[in-house]
2 protein chains.
Amino acid sequence: MALDHAILVSLLEKPGSGYELARRFERSIGYFWTATHQQIYRVLKRMEAEGWVDVRDVPQYGRPDKKEYSVAPAGREALSAWLAAPIEPESVRHDLAVKIRGAAFDDPASLIGEVERHRQAHRDRLAHYLVGETRDFGQPPEPEAAGPLDAERELQHVVLRGGIAYERMMIDWLDDVLATLARFEPGTDPDTGPAG
Amino acid sequence: MALDHAILVSLLEKPGSGYELARRFERSIGYFWTATHQQIYRVLKRMEAEGWVDVRDVPQYGRPDKKEYSVAPAGREALSAWLAAPIEPESVRHDLAVKIRGAAFDDPASLIGEVERHRQAHRDRLAHYLVGETRDFGQPPEPEAAGPLDAERELQHVVLRGGIAYERMMIDWLDDVLATLARFEPGTDPDTGPAG
DNA sequence: GGTCACATGTAAATAGTTACATGATTTC
DNA sequence: GAAATCATGTAACTATTTACATGTGACC
């Protein structure tokens, strides 16, 4: 299970509350691992019981108090063990690909709107990533300290580059899908159409 | 839920037993939707109860008998309804990206072997896809019937092209990851290393 | 007789989603 | 006073994974 570890990584990057983690899972770390706040609260409670994280009550002015979580030594060790253990290349779940193959038994052209919507979502995400890349990695790290490499920064950047490459690939592929779907006129599918 | 629909699509492409479906989910449709045989048997039973699929006992010589499932009209309608309903762009789960960001708090260079292993898996999958593409789509469909487009074939092909594009993107990105990790010498991480 | 591929399942545990629930404070 | 954001949870359901279980027939 990687949600535990995704949370540990996020807390190592910056301690925070369950609410704040839920925010981060809508962007940043959420670009490659999704989770809802319900899941996050449950895992935080479990990790606290296991001694993987420490909690600290933080009174706040002008808003409700929060519980700030940070990674305990046992959590760091658990992360280390997970990093050292091999994992299987990810198992994919692409609803859209199922739909595209399924469209052969329905009206292929009727899927065009849906695919266009997905392409737009990927375009938006790409634009968002590129803004983030310029903002966070556009300039060299520290003008004075040109010495040791900042692992956290460099590795965040390479993961972001992966996200950018993924979105570009998807946009190109969805263009290909649209061109393919467009070759099937509405109503000419083999099951119900007059030209089948 | 798309496992139901992935099974329906697979059965429309070709009726078969739970065992055969489990085989297909190890290749073909399994490239974009994974499922184990336990899941498949459970879903088939449910879909049979709902009247989405029909079953037929097929006695076999030289091997155990099997139950052959095929899509019933109600299943076709359910698939049609699902195709018409918009779905959210997929939620991603990339363990490896979590590991890469997590490596900043451990020894980045120790992840190199794992990343190389993943790159090899993606290379293998790409090679496998390319063989399949040449085999199944290398020649034009039917030398005589140059008329109506074969939706099933064309849409299977565009999905396969997506798989190929994905694997190529991953291989390139993992090269980038390896180059990035290589810049961090073993033992120089900020937490335990002497150079931090 | 052992192993492999075919064939179908049950049980238990874990993970993930959806719906519901509460309450503070800020801004309009 | 209504809506939005911050903040934390419970309950119920659905999906997925892992482990266990059984039996056939082919091939060595």
Side-chain angles (χ1 to χ4, degrees), chain A residues 1-8 15-27 29-30 32-50 53 55-69 78 82 85 87-95 98, chain B residues 1-7 15-27 29-30 32-50 53 55-69 82 85 87-95 98:
Chain A
M1 222 288 281
L3 176 55
D4 299 39
H5 305 104
I7 288 175
L8 288 174
S17 68
Y19 188 86
E20 282 163 354
L21 283 168
R23 292 291 92 140
R24 291 183 212 172
F25 274 85
E26 284 169 8
R27 39 180 192 80
I29 202 146
F32 47 89
W33 201 275
T34 55
T36 59
H37 80 272
Q38 293 88 337
Q39 251 182 297
I40 292 165
Y41 282 121
R42 191 151 18 106
V43 171
L44 281 173
K45 188 172 277 186
R46 176 162 47 79
M47 291 203 296
E48 192 195 339
E50 281 167 346
V53 294
V55 205
R56 194 168 65 93
D57 276 319
V58 178
Q60 296 191 111
Y61 305 98
R63 59 180 63 173
D65 297 352
K66 66 176 182 179
K67 295 185 190 175
E68 192 182 79
Y69 290 87
W82 179 70
I87 49 173
E88 286 311 300
E90 77 286 346
S91 50
V92 187
R93 299 271 152 94
H94 282 298
D95 297 72
V98 177
Chain B
M1 223 284 284
L3 176 55
D4 300 39
H5 305 103
I7 288 175
S17 68
Y19 188 85
E20 282 163 354
L21 282 168
R23 292 291 91 141
R24 292 183 212 170
F25 275 86
E26 285 170 6
R27 38 178 193 81
I29 200 144
F32 48 88
W33 200 277
T34 55
T36 59
H37 80 272
Q38 293 89 339
Q39 251 182 298
I40 291 164
Y41 282 120
R42 190 145 21 100
V43 172
L44 281 174
K45 186 172 279 186
R46 176 160 49 79
M47 291 202 297
E48 192 196 339
E50 283 167 345
V53 294
V55 205
R56 193 168 66 92
D57 275 319
V58 178
Q60 296 192 110
Y61 306 98
R63 60 179 62 172
D65 297 351
K66 65 175 181 180
K67 296 185 189 174
E68 193 182 80
Y69 290 88
W82 179 69
I87 50 173
E88 285 310 300
E90 77 285 347
S91 50
V92 188
R93 298 273 151 93
H94 282 298
D95 297 72
V98 177

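The figures here come from the full heavy-atom set of this structure, side chains too, leaving out hydrogens, waters and symmetry mates. Per chain, numbering begins at 1; letters A, B, ... match sequence-line order.
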Legend entry - Any residue meeting side-chain contact (heavy atoms from CB on, under 4.5 Å) with A:Y41, in chain and number order, not counting sequence neighbours: A:Y19, A:H37

Legend entry - Nearest heavy atoms of B:T34 and B:G30, plus distance in Å: CG2-O, 3.8 Å

Inset, instruction - Mind calculating the distance between CG (B:L44) and P (D:dA15) to the nearest angstrom? - result: 14 Å

Inset, instruction - Write down the atom of A:Y69, the atom of A:S17, and the distance for their closest heavy-atom approach. - result: CD1-CA, 4.4 Å

Inset, instruction - In whole angstrom, give the distance that lies between atom CD of B:E88 and atom C1' of C:dT17. - result: 14 Å

Inset, instruction - For C:dT17, take OP1 and OP2 only and decide whether either is under 4.0 Å from a side-chain N or O of A:Q39. - result: yes

Inset, instruction - Could you state the atom-to-atom distance from NE2 of A:H5 to P of C:dT14 in whole Å? - result: 14 Å

Legend entry - Rounded distance (Å) that lies between atom P of D:dT8 and atom CD1 of A:I40: 11 Å

Inset, instruction - Take the protein atom CD of B:E90 and the nucleotide atom P of C:dT17, then report the distance between them rounded to whole Å. - result: 14 Å

Legend entry - A:E50 CD - C:dT14 P separation (whole Å): 11 Å

Inset, instruction - Ignoring backbone atoms, establish whether B:R93 has a side-chain N or O less than 4.0 Å from OP1 or OP2 of C:dA15. - result: no

Inset, instruction - Quick one: pull up CD1 in B:I7 and CE in B:M47 and give me the separation to the nearest 0.5 Å. - result: 4.5 Å

Inset, instruction - State, with a plain yes or no, whether a side-chain heavy atom of B:W82 is found less than 4.5 Å away from one of A:V98. - result: yes

Legend entry - d(CD1, A:I87; P, D:dT17) in whole Å: 14 Å

Legend entry - Residues that B:V58 engages under side-chain contact (heavy atoms from CB on, under 4.5 Å), provided they are two or more places apart: B:R56, B:Q60, B:K66, B:E68

Enumerate the protein-to-nucleotides 6-12 of chain C contacts in which both atoms are nitrogen or oxygen and the separation is below 3.5 Å.
{"from": "C:dC6", "atom 1": "OP2", "to": "B:Y19", "atom 2": "OH", "distance (Å)": "3.1"}
{"from": "C:dC6", "atom 1": "OP2", "to": "B:R23", "atom 2": "NH1", "distance (Å)": "3.4"}
{"from": "C:dA7", "atom 1": "OP1", "to": "B:Q60", "atom 2": "OE1", "distance (Å)": "3.2"}
{"from": "C:dA7", "atom 1": "OP1", "to": "B:Q60", "atom 2": "NE2", "distance (Å)": "2.3"}
{"from": "C:dT8", "atom 1": "OP1", "to": "B:K67", "atom 2": "N", "distance (Å)": "2.9"}
{"from": "C:dT8", "atom 1": "OP2", "to": "B:Y19", "atom 2": "N", "distance (Å)": "2.9"}
{"from": "C:dT8", "atom 1": "OP2", "to": "B:Y41", "atom 2": "OH", "distance (Å)": "3.0"}
{"from": "C:dT8", "atom 1": "O5'", "to": "B:Y41", "atom 2": "OH", "distance (Å)": "3.4"}
{"from": "C:dT8", "atom 1": "O4", "to": "B:H37", "atom 2": "NE2", "distance (Å)": "3.4"}
{"from": "C:dG9", "atom 1": "OP1", "to": "B:K67", "atom 2": "NZ", "distance (Å)": "2.9"}
{"from": "C:dG9", "atom 1": "OP2", "to": "B:K67", "atom 2": "NZ", "distance (Å)": "3.4"}
{"from": "C:dG9", "atom 1": "N7", "to": "B:H37", "atom 2": "NE2", "distance (Å)": "3.4"}
{"from": "C:dG9", "atom 1": "O6", "to": "B:H37", "atom 2": "NE2", "distance (Å)": "3.2"}
{"from": "C:dT10", "atom 1": "OP1", "to": "B:K45", "atom 2": "NZ", "distance (Å)": "3.3"}

